Colleague: 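Quick one: structure below, then a few questions.
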Amino acid sequence: MALPLSKPLIVLMAMIHIVANWNAFFDAMIYLSDESKYPLQLILRNVLIQSQASASGMDMASMDSTAAAQKMGELLKYSMIVVSTIPLLIAFPFLQRHFIKGATLGALKS
């Protein structure tokens with residue numbers, strides 16, 4: 001009897017846990033040495049670091065190329081943010097019904 005009533009709370013706690021651990025890359029960076037097993041966040045972090053290193057190694061003689069490299073770096077950063085949040089944005093609408101159900105279940109008197 002208690003488990004069906006607490007299902008929205010369990011889904012909420014699971015969703016909070018998933019969101020909290022979604023961007024965790026530090027443990028994988030320490031414990032994994034095989035790059036084929038890296039999680040998405042660590043791969044995106046490595047791509048960002050490589051793009052910044054290649055942009056800083058450019059010839060500083062032309063200001064246009066430096067500005068273009070900075071714009072490309074910013075574009076890469078923002079696109080990685082979008083790519084990393086797409087799975088959570090897809091999963092949230094399916095779990096949102098449990099949040100609404102839990103709020104209305106607690107608000108009704110019988």
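Because the structure is a prediction, the values reported are computed rather than measured. FYI, the numbering just counts along the sequence from 1.
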Colleague: With a 4.5 Å limit on heavy-atom distance, are the side chains of L75 and K71 in contact?
Modeller: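 With C-beta onward as the side chain, the pair stays apart.
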Colleague: Is it the case that atom CE in M29 sees more than 12 heavy atoms from other parts of the structure closer than 6.0 Å?
Modeller: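 Result for CE/M29: enclosed.
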Colleague: Applying a strict under-4.5 Å side-chain criterion to I, L, V, M, F, W and Y, I'd like to know whether L89 and F94 cluster together.
Modeller: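 In one cluster: no.
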Colleague: Do I18 and I90 belong together in a cluster built from hydrophobic side chains that touch within less than 4.5 Å?
Modeller: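 Shared cluster, no.
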Colleague: Please name the pair of heavy atoms, one in S84 and one in L40, separated by the smallest distance, quoted to 0.1 Å.
Modeller: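 Result for this residue pair: CA-CD2, 4.2 Å.
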Colleague: Quick check on the hydrophobic clustering: are F26 and Y31 connected, directly or via other members, by side-chain heavy-atom contacts under 4.5 Å?
Modeller: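 In one cluster: yes.
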Colleague: Hey, are K77 and E74 close enough for a salt bridge, meaning a charged N less than 4.0 Å from a carboxylate O?
Modeller: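 The answer is yes: the pair qualifies as a salt bridge.
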Colleague: Out of curiosity, does W22 fall in the hydrophobic cluster containing L48 (side-chain heavy atoms, cut-off under 4.5 Å, transitive links)?
Modeller: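 Yes, one cluster joins them.
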Colleague: If you measure from CG on L42 to CD on E35, what distance do you get to the nearest 0.5 Å?
Modeller: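 Separation between the atoms: 8.5 Å.
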Colleague: Do L44 and V19 share a hydrophobic cluster, counting only Ile, Leu, Val, Met, Phe, Trp and Tyr and linking them when any side-chain heavy atoms are less than 4.5 Å apart?
Modeller: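 Yes, it is one cluster - the side chains of L44 and V19 are joined through contacts under 4.5 Å.
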